[in-house]
Amino acid sequence: MEAEDKFDMISGTTGLLGAADGAMILQKKKRTDKRAQLNIVGRELPDQEIIIDFSLESCTWQFIRSNQQLWEEPKDMLLEQVAALVSGDNKIWRGSATQMLQDLNISTDDMKPHILTRRLNVKVDKLYQDYGVYYHHKRANKGSDITLQKLEAKTA
């Protein structure tokens, strides 16, 4: 059913939406339209309205414009620091999680070595995509063995 607030159309009540962390509504004016509006609300991101077009050739939605500035994930300061370990002439870093914490000037009271490796294991793709740093973690009998390598940017 139509509603003044688009999100009231989700099951007709705010009860269902109130239990979720966020919601998205993809809505077209007519069923056959290729253009649609994607409305997004969430607990940890600003409300957004995005206009998109459907491409028949690729069967994908293409971004047209947003009525607000698109949300961007804030920079992760730990990844910034880790990427700095392999900058300049120093293209490879190798050591344990404890050694990395020392090199980053982070006290083991502030972060335990196993927490560091957990955070890096989860963010391995972001470290590579955003900073061009390859991360490899291998558990050994005497602790962890971490390798960081700064990959050269591809030239066209």
Side-chain angles (χ1 to χ4, degrees), residues 6-7 10 16-28 33-156:
K6 291 177 182 359
F7 289 93
I10 298 177
L16 183 61
L17 183 59
D21 287 340
M24 293 186 276
I25 294 178
L26 181 65
Q27 191 173 32
K28 298 189 281 184
D33 285 348
K34 291 182 181 133
R35 182 158 287 189
Q37 182 172 324
L38 178 64
N39 293 287
I40 304 169
V41 295
R43 181 177 53 166
E44 297 182 9
L45 63 142
D47 295 357
Q48 297 183 51
E49 288 182 9
I50 300 171
I51 307 302
I52 53 180
D53 275 347
F54 187 74
S55 168
L56 292 172
E57 295 82 36
S58 63
C59 290
T60 59
W61 290 99
Q62 306 294 320
F63 174 82
I64 302 300
R65 71 176 183 280
S66 175
N67 295 335
Q68 297 82 16
Q69 182 175 347
L70 294 176
W71 181 83
E72 290 184 23
E73 186 176 354
K75 289 203 181 264
D76 186 324
M77 294 313 294
L78 178 62
L79 294 185
E80 294 268 327
Q81 291 175 294
V82 169
L85 289 175
V86 287
S87 62
D89 293 336
N90 195 21
K91 301 289 183 201
I92 295 178
W93 183 94
R94 190 168 185 185
S96 68
T98 303
Q99 290 169 324
M100 183 179 284
L101 285 171
Q102 289 172 352
D103 288 354
L104 296 173
N105 293 319
I106 298 174
S107 164
T108 53
D109 292 334
D110 294 332
M111 182 183 294
K112 301 292 181 203
H114 72 281
I115 299 297
L116 172 67
T117 55
R118 277 188 198 163
R119 285 189 61 191
L120 292 176
N121 286 338
V122 169
K123 303 269 185 158
V124 64
D125 289 337
K126 188 148 185 66
L127 189 61
Y128 177 73
Q129 290 172 358
D130 291 358
Y131 302 96
V133 175
Y134 168 78
Y135 164 82
H136 183 268
H137 174 244
K138 182 174 148 185
R139 187 88 179 114
N141 289 339
K142 58 183 177 180
S144 62
D145 181 27
I146 297 173
T147 302
L148 298 174
Q149 182 176 357
K150 177 71 175 177
L151 301 175
E152 296 299 320
K154 295 179 184 177
T155 56

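- The heavy-atom pair separating Lys28 from Arg35 by the smallest distance is CG-O, 3.6 Å.
- With rounding to the nearest 0.5 Å, the separation of OG1 in Thr98 from CG in Asp103 is 11.0 Å.
- No side-chain heavy atom of Ile51 sits less than 4.5 Å from a side-chain heavy atom of Leu38.
- Considering all non-hydrogen atoms of both residues, Ser66 and Ile50 come closest at OG-CG1, 4.2 Å.
- Counting heavy atoms from C-beta on, the side chains of Lys34 and Leu56 come closer than 4.5 Å.
- Looking only at side-chain heavy atoms (C-beta outward), Asp130 and Asp76 stay at 4.5 Å or farther from each other.
- Going from atom CG of Asp53 over to atom CZ of Arg65 covers 9.5 Å, rounded to the nearest 0.5 Å.
- Taking the side chain as every heavy atom from C-beta outward, Lys112 and Ile115 approach each other to under 4.5 Å.
- The backbone N or O of Ile106 sits nowhere less than 3.5 Å from a side-chain atom of Asp110 that would complete a donor-acceptor pair.
- Judged purely by atom type and a 3.5 angstrom limit, Glu80 has no side-chain atom pairing as donor or acceptor with the backbone of Met77.
- Not a single donor-acceptor pair under 3.5 Å links the side chain of Asn39 to the backbone N or O of Met24.
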Exercise. Walk me through it: do Leu101 and Thr108 pass the test side chain to side chain contact (heavy atoms under 4.5 Å, CB included)?
Key: CA-CA 7 Å; Leu101 285 171; Thr108 53; 4.1 Å; yes
Practice problem: Start with the C-alpha distance between Leu120 and Met100, add both sets of side-chain angles, then the distance that settles side chain to side chain contact (heavy atoms under 4.5 Å, CB included), and finish with yes or no. | Solution: CA-CA 11 Å; Leu120 292 176; Met100 183 179 284; 3.7 Å; yes
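- Rounding to the nearest 0.5 Å places NZ of Lys75 at 8.0 Å from NZ of Lys126.
- Looking at Leu127 and Val82, their side chains come closer than 4.5 Å, going by heavy atoms from C-beta outward.
- The nearest pair of heavy atoms linking Asn121 to Tyr135 is OD1-OH, 3.0 Å.
- With hydrogens and angles left out, the side-chain atoms of Thr147 and Gln149 include no donor and acceptor closer than 3.5 Å.
- Looking at every heavy atom in both residues, Ala97 comes nearest to Thr117 through CB-CG2, 3.7 Å.
- Rounding to the nearest 0.5 Å gives a distance of 8.5 Å between CG of Leu116 and NE2 of His137.
- Of all heavy-atom pairs between Ile92 and Val86, the closest is C-CG1, 3.9 Å.
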Practice problem: Would you check, one step at a time, whether the test side chain to side chain contact (heavy atoms under 4.5 Å, CB included) holds for Leu85 with Val133? | Solution: CA-CA 10 Å; Leu85 289 175; Val133 175; over 6 Å; no
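- Remark: Lys91 NZ is packed, more than 12 non-hydrogen atoms of other residues, nucleotides or ligands lying under 6.0 Å away.
- A salt bridge links Arg94 with Asp145: the distance from a Lys NZ or Arg NE/NH1/NH2 to an Asp or Glu carboxylate oxygen falls below 4.0 Å.
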Exercise. Start with the C-alpha gap between Trp93 and Ile146, add the side-chain angles, then the distance that decides, and say whether side chain to side chain contact (heavy atoms under 4.5 Å, CB included) holds.
Key: CA-CA 8 Å; Trp93 183 94; Ile146 297 173; 4.1 Å; yes
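- Taking every heavy atom of both residues into account, Ser55 and Ser58 meet most closely at OG-OG, 3.2 Å.
- The OG atom of Ser96 sits 7.0 Å away from atom CD of Gln102, with the distance rounded to the nearest 0.5 Å.
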